[in-house]
Each structure stands twice: as C-alpha cells, then as structure tokens.
Amino acid sequence: MHFTKKTVAEKRSNLISKLQSKKLLRFPGAYNPLCAKLIAEIGFDGVYVSGGVMSNDLGLPDIGLTSLDQVSYRSGQIARVTDLPTIVDIDTGFGNCKKTIEVFEAKGLAGCHLEDQVAEKRCGHLDNKELISLEEMVKKIEECVKSRKDKNFLIIARTDTCRELGLEEAISRINLAAEVGADMGLLFPRTNEEAVEAVHQSKIPLVYVQSRGNRDNRPLFSRNELEDMGYAMCIDAQVMLLASFDAQRRMLGELKETGDFSLLSQENNIQIRQEIEDIINLEEYYNIEKSTVEKE
C-alpha cells in the first residue's frame, strides 16, 4: 500500500492533458522510490527513470549491462509510490519491443523512450556508439506503438545520431518516427543554435535532456529558456544522483577522519528523520495497524 490517489490510467491521461497545454513539463530523475516521493512533494510534473543513472546506482557503467527485469522492477517501484506520471528509459528495447512495452505498461509507467543504438548501447555522452539504420529504428518505433494497449502510454523516439551524424540526420529520424506513431522525440543538440532549430524542424513535441556534467559540453538551459524555445518536456536525468553522491562522499570523508559529521546538527537530524517518516506515510501505516491488528 502506498497511499496514492490516482490510477495508472489517470496518471497517463493527466500527462497527455498537460502536454497539450504547451507548458514545459519538468521530470527530474529518480533512482529509488524515496527520490520519487521527494520529487512529488516539491511539486514537479513527473518522474524520470534514467537507464544510465540506474546502471550507476547498481555500480555499473551505462553500456547495456542492465536487464529488462532489473529496469522494469525498479521503475515499477518508483512509478507506484506517487501520483505523478513516470517516464522510463528502455534503452534499445531489450531485444523484444512488444514484450518490453507490455511489461512497462503493466508496471504502471506513463511512457518510455527507445533509442537507435545497437544493443551494446552507450550512454549518450560516451564514445564508441554504434547506430542502427534509419529503417530499423522506424520499425522498432512502429512495433512499440502497435504493442501498447493504452493509447495514452507515451512512446518517445530517441535518436543518438546528432552527435555522430549531425542535426539533419537526427531530425529526419525523429520525423519518420512521428509518421509511424511516435508521440514525442528526443535528440541531443550540440549547440544553442541546434537546440533552437530542432524544435522548428520536428513534427512532434521534443524532450530536452539536461545532461549535467556531460563530456560533450552540450548546453544546459533554464526552464524559461526551454519553454521559450518550445520544448515540451525537460528530463533532468543525473541531478539527484550527482547531488546525493557528492553530499554522501563529503559526509563519509569527515566521518572517517573525525568519527563525526558536523554539517547536520542533532536538531537537523531529528527534523530530517521526521520529514522522511512523513513522506513515507509512517503515521498512516500506524493507523492501519491500530485498526486491524488484534490486541490481547
């Protein structure tokens, strides 16, 4: 029990309605359910589950080492703890697009993005990516579209060709994916100019990836800048992982050196533990226990 109020169908239909409003929707990346609940409490539009961040959280590089079972299990845990829609990165489709879409729909996700690399894929900012043909990409997107049972389950066509082959090739792939039913597109503009031009040339709404710390010096934009350019959604994939990793490393360094951690006072610790207990609905579980557990 997670005390959410909306059904999966409501989450999906609400997302579609929000997309039609032309407002930029922001989806920070969560790597566990507690992160997702915090994203919801702060008031964002949705939750994003990054394949790269999930790989890193498992202690692995993002080079195609995670399985359908691993990604669907974790993303399903994340999706069901809030009333926000959750979008997941399904890499290259895990070998069977039909099965993959069916699994993620059943897990309660609101949508996914599928990329056009070979199965031994690489994170978007890494070298040595190999790309499938345009024809194969389009066939995979078409299979995803045909396989969904809920028309409100978003299919986002992602192409990694911009870095390797240029914006013209990336846009051509997004637009052909649109012709077979893709709802949104995702590419990786290399410059400010490409970021603007991509929106003008795309036949479907685009997602912008805030790739913090990327190796390509891809631009980062503010919410207002992305909205003014016409992007429909922004996924901030690494932001929670980077902040958490840095804070925990500094804490552990001080703890090892001094045996204590001074950044948070005892009062801070009490307050934060209470906030965590509140966000996970501890009191509601206690109330259920009081009313259902037999007493001697």
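The structure presented is a predicted model; accordingly, all values stated were derived computationally and were not measured.
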Side chains of [X] and [Y], donor plus acceptor under 3.5 Å:
X	Y	value
Glu283	Asn287	no
Glu254	Ser262	yes
Gln271	Glu275	yes

Note to self: Under the ring pair (Phe, Tyr, Trp, His ring centres under 6.0 Å) definition, can you give me all pairs with a residue in residues 222-252, not counting sequence neighbours?
What the structure shows: Tyr208-Tyr231

Check: Can you pull the ring pair (Phe, Tyr, Trp, His ring centres under 6.0 Å) pairs that have at least one residue in residues 68-114, sequence neighbours excluded?
Finding: Tyr48-His113

Whether [X] side chain and [Y] backbone form a donor-acceptor pair below 3.5 Å:
X	Y	value
Thr258	Leu255	no
Ser75	Val71	yes
Gln238	Ser211	no
Lys6	Asn14	no
Glu105	Lys149	yes
Gln248	Ser244	yes
Asp278	Leu282	no

Is there a path of hydrophobic side-chain contacts, each under 4.5 Å between heavy atoms of I/L/V/M/F/W/Y residues, joining [Y] to [X]?
X	Y	value
Leu38	Ile78	yes
Leu186	Ile16	yes
Val103	Ile90	yes
Val199	Leu25	no
Tyr286	Val293	no

Over all atoms of both residues, closest heavy-atom pair of [X] and [Y]:
X	Y	answer
Ser55	Thr66	OG-CG2, 3.5 Å
Ile39	Gly46	CG2-O, 3.7 Å
Thr100	Gly93	OG1-O, 2.6 Å
Ile171	Ser202	CD1-N, 4.2 Å
Ala110	Pro85	CB-CB, 3.6 Å
Phe188	Asp160	CE1-OD2, 3.7 Å

Item checked: By side-chain contact (heavy atoms from CB on, under 4.5 Å) - contacts of Ser17 (at least two apart) -> none

Next item on the list: Only counting residues at least two apart or in another chain, list the ones meeting side-chain contact (heavy atoms from CB on, under 4.5 Å) with Asn269.
Entry: Leu264, Gln266

Notebook entry, point to check: Would Arg80 and Thr4 count as a side-chain contact (heavy atoms from CB on, under 4.5 Å) if you check the C-alpha gap in whole Å, the side-chain angles of each, and the deciding distance to 0.1 Å?
Noted result: CA-CA 8 Å; Arg80 68 173 176 258; Thr4 53; over 6 Å; no

Min side-chain heavy-atom separation [X]-[Y] under 4.5 Å:
X	Y	result
Ile174	Leu206	yes
Phe153	Cys112	yes
Glu115	Asp89	yes
Phe44	Thr82	no
Pro205	Leu19	no
Ile87	Ile235	no
Ile141	Leu176	no
Ile155	Leu114	no

Checklist line | Candidate pair Ser265 and Asn268, rule side-chain contact (heavy atoms from CB on, under 4.5 Å), full reasoning | finding: CA-CA 5 Å; Ser265 67; Asn268 293 146; 3.0 Å; yes

Item checked: Residues clustered with Leu242, ILVMFWY side-chain links under 4.5 angstrom -> none

What is the distance from atom [atom1] of [X] to atom [atom2] of [Y], rounded to the nearest 0.5 Å?
X	Y	atom1	atom2	result
Leu84	Glu41	CG	CD	11.5 Å
Asp150	Arg12	CG	CZ	5.0 Å
Met184	Leu154	CE	CG	6.5 Å
Leu15	Asp45	CG	CG	9.0 Å
Arg163	Arg190	CZ	CZ	10.0 Å
Leu24	Cys234	CG	SG	6.0 Å

Can you list everything that forms a side-chain hydrogen bond (donor to acceptor under 3.5 Å, both in side chains) with [X]? Sequence neighbours excluded, please.
X	answer
Asn217	none
Arg26	none
Glu168	none
Ser222	Glu225

Next item on the list: Sorted by first residue and then second, give each side-chain hydrogen bond (donor to acceptor under 3.5 Å, both in side chains) pair with at least one member in residues 172-187; sequence neighbours left out.
Entry: Asp116-Arg173, Arg148-Asp183, Glu169-Arg173, Glu179-Lys203

Next item on the list: Could you name each residue pair satisfying salt bridge (Lys or Arg N to Asp or Glu O under 4.0 Å) that touches residues 231-248, not counting sequence neighbours?
Entry: Arg212-Asp236, Asp246-Arg250

Notebook entry, point to check: According to the salt bridge (Lys or Arg N to Asp or Glu O under 4.0 Å) rule, which pairs have a member within residues 48-59, sequence neighbours left out?
Noted result: Asp57-Arg74

Next item on the list: Quick one: do Lys140 and Thr92 satisfy side-chain contact (heavy atoms from CB on, under 4.5 Å)? Show the steps, please.
Entry: CA-CA 9 Å; Lys140 291 176 75 171; Thr92 61; 3.9 Å; yes

Check: Are Glu194 and Arg218 within salt-bridge range, i.e. N to O under 4.0 Å?
Finding: no

Checklist line | Lys/Arg-Asp/Glu bridge criterion (N-O < 4.0 Å) met for Glu102, Lys98 | finding: yes

Note to self: What verdict does the side-chain contact (heavy atoms from CB on, under 4.5 Å) test give for Leu167 and Glu193, after you've listed the backbone C-alpha separation in whole Å, the side-chain angles of each residue and the deciding distance to 0.1 Å?
What the structure shows: CA-CA 10 Å; Leu167 180 64; Glu193 294 73 22; over 6 Å; no

